[in-house]
Number of protein chains: 2
Amino acid sequence: MAQELNVSPSTISRALSGHHSISEAMKKKVRALAEQLHYQPNHLAAALRKGRSNLIGVMVPHIEGNFFAAVVHGIETVARKAGFNVMICQSNEDVNSEKQNIEAMMSAQVEGILVSLARTTRDFRHFEKIRRREIPLVLFDRTLEHVNVSSVVIDDYLGAFQLVQHLIDQGARRIAHFEGPRHLNIYNNRFRGYHDALISNGLEVDEQLIHYGNLTYAEGLEAMEKLLALPNPPDAVFSSSDMGALGAMHVLKARGLRIPDDMLLAGFSNEPITSFTEPMLTSVDQRCEQMGQAAVKLLLEIMHEKPKDFLPRRIVLPPDVLIRASSLLHKEAATPEPVLR
Amino acid sequence: MAQELNVSPSTISRALSGHHSISEAMKKKVRALAEQLHYQPNHLAAALRKGRSNLIGVMVPHIEGNFFAAVVHGIETVARKAGFNVMICQSNEDVNSEKQNIEAMMSAQVEGILVSLARTTRDFRHFEKIRRREIPLVLFDRTLEHVNVSSVVIDDYLGAFQLVQHLIDQGARRIAHFEGPRHLNIYNNRFRGYHDALISNGLEVDEQLIHYGNLTYAEGLEAMEKLLALPNPPDAVFSSSDMGALGAMHVLKARGLRIPDDMLLAGFSNEPITSFTEPMLTSVDQRCEQMGQAAVKLLLEIMHEKPKDFLPRRIVLPPDVLIRASSLLHKEAATPEPVLR
DNA sequence: TTGAAAGCGCTAACAT
DNA sequence: ATGTTAGCGCTTTCAA
């Protein structure tokens, strides 16, 4: 280090970190020398000494696709502003990678963890370690029901309910649904919103119209084919994912059916693509970036608390139902489109 | 630690890391105890001692949008498989954040750095520090010309050339171009490909047909309006971004012009959206994920070399020109579409 | 096969 | 306002 050129070991440390009881003259000299010698602080050593890594761990199922990328964008931005580095992991929708990644984050001494669960995650045992070590944890978007942990989600139930209500208002009476794995809150809530909207309008819930799957484009194709083959096909489709809805759209167009005239269509997530299809696809915006920001903020809050005082918190963001041409027979109700960047 | 319950400080360390000169019996006992006490290795301390952080730093302009998210996906996957954690930074297209992020990565003691440059980056001075400390560095996609550094890119020149050649083969004679900032290799090369393809076909390069900008959707709208207002408008548009092309597409449709009959249209990047527009948009695939993987592999290679032996390497991936309906008057030449996931 | 001891680079309590 | 000293948790010579 640099005490050779002047005189002092810890004065250097203090000078660099702007400690108050160091003369301005000294500070200046030290900074100048640091510059000159290309001194590079070793964050690891400081972290070890202080017991603070300044690291936040983030685990998402995957980072491709609009949603998680946007959330991570929000997370990274807020975290860095608060002086934290971000370590990214992907579970690849696999519980085992999830376990390994948790290990990796813990041994990297992260000070807090943000997670959106893998599709194959059905229980919470591998998160117990985190709780035991009292590392703050916030789940976002994909959580498990009945698990006592802080989380940030949008109101999927409400989004689905409002969307299906809209379809009914447009005259739909037999509404099909593409659903995802129900052990995940988001798909369960979207299904419940669909279900309850039907019931509260006195409509029948027909199991034949509900297709379970992974909500991919390919499965959307397949499901739509099957629906059209029914003796009494639906007059609307509400998919829990946009990709599923796009698959359905493709089949409908290929069959020469008109959207929305012959079939109303709606997805969920407001993927950018939905603004570019013809007709544009009705969907529900998930406020991705806001969700990421809210998740970090909540995490930081929890990190500043005494572990003893800790009580899990739940932030529910309002969904934003975007009515577009694919579900609009009566044009007046359309959501105004924002200008695209 | 656990030496109290048995007998030894460093034996523990050896046992846990599977050192060969430790009896199996001992190893078993230690592992059992570690499990029981919920022992959590402190990676930071190990990193400090060993002088190896097992961290790779990645800086992208932003993580939203398909391209960088997919590259990061590729990076994360390969890096983790090789036992490295990944620290993510975003420059937000800003040189100053770029500088700060470099500081952050260096003090986090990353063992290697992957960067795709911000749009505002015009020189390489802030990267000198990295070189001085002999930290392996690989640029991907966005690099600067004439800078002696390892990089992974696609052959933007070839992609653009082939694409424009295709437009000419389809009968285009006045081809407009939306270009990005030319100090960045990618936009410069796409422009050059465009330029040279025209020249080598004996066509004139008309400055009126070249629109400089940030290649956004909004600028695509604007540029297309201007082009249509020319006394002698173009018969094709090649945009260096897909979003720009989509803006153009919107204007053309709004004017009742047919694509490709009245105007051929092509973009660059193969954003997922391009498969969902009508007509589908001709574009150039950038092999995002492959690029990420190649970048990490190259970085790992460099990390395993002696700094003295180091010679910058350059990996150029072949572009993949995807001919779609937006530029196809004669249908036979279409690129076969893969099945969407 | 195991133990003893030193030290990675930094910071903070304590002393001056 | 600055110096002294100890130690964060781990690994690794060196010695036994």
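Source: prediction; values computed, not measured. Only this structure's heavy atoms are used, side chains among them; waters, hydrogens and symmetry mates stay out.
B:Leu48 comes within 4.0 angstrom of a nucleotide base, judged by non-hydrogen atoms across all strands.
Closest-nucleotide positions on DNA chain C for B:Ser23 and A:His43 were compared, and the one nearer the 5' end corresponds to B:Ser23. A residue-by-residue look at A:His19 and B:Asn42 shows that A:His19 has its nearest nucleotide of DNA chain D further toward the 5' end.
Here the nucleotide nearest the side chain of B:Ala46, chosen from C:dC8, D:dC10, C:dT11, is D:dC10. Side-chain proximity of B:Arg49 to the nucleotides C:dA6, D:dA6, C:dA13 is greatest for C:dA6. Here D:dG3 is the nucleotide among D:dG3, D:dT12, C:dC10 with the atom lying nearest to any side-chain atom of A:Arg14. Closest approach to the A:Tyr39 side chain among C:dC10, D:dC10, D:dT13 is made by C:dC10 (side chain taken as heavy atoms from C-beta onward). When each of D:dT4, C:dT11, D:dC10 is scored by its nearest atom to the side-chain atoms of A:Lys50, the top-ranked nucleotide is C:dT11. In this structure, of C:dG9, D:dT11, D:dC10, it is D:dT11 that holds the atom nearest to the side chain of B:Ser13.
When the P atom of D:dT12 is taken as reference, atom NE2 of B:His20 falls 13 Å away, rounded to whole Å. Between the P atom of D:dT11 and the CD1 atom of B:Ile12 lies a distance of 11 Å, rounded to the nearest Å. In this structure, the CZ atom of A:Arg52 is 19 Å from the P atom of D:dC8, given to the nearest Å. In this structure, CE of B:Met26 is placed 7 Å from P of C:dG3, rounded to the nearest angstrom. Distance A:Leu16 CG to C:dA12 P: 13 Å, rounded to the nearest Å. Distance A:Gln40 CD to C:dC8 C1': 16 Å, rounded to the nearest Å. In this structure, NZ of A:Lys27 is placed 9 Å from P of D:dA1, rounded to the nearest angstrom. Spacing between atom CG of B:Leu44 and atom P of D:dC10 amounts to 11 Å, rounded to whole angstrom units.
In terms of heavy-atom proximity, B:Ser116 sits nearest to B:Arg142 at OG-N, 3.4 Å.
We find the CG-NE2 distance between A:Asn185 and A:His146 to be 10.5 Å, quoted to the nearest 0.5 Å.
A donor-acceptor pair is defined here as one N or O able to donate and one able to accept, closer than 3.5 Å; no such pair exists between the side chain of A:Glu289 and the backbone of A:Ala70.
With salt bridges taken as basic N to acidic carboxylate O contacts below 4.0 Å, one links A:Glu76 and A:Arg80.
Side chain to side chain, B:Arg314 and B:Ser151 meet the donor-acceptor criterion of an N or O pair below 3.5 Å.
Distances shown here put a side-chain N or O of B:Thr11 below 4.0 Å from the OP1 or OP2 atom of C:dG3.
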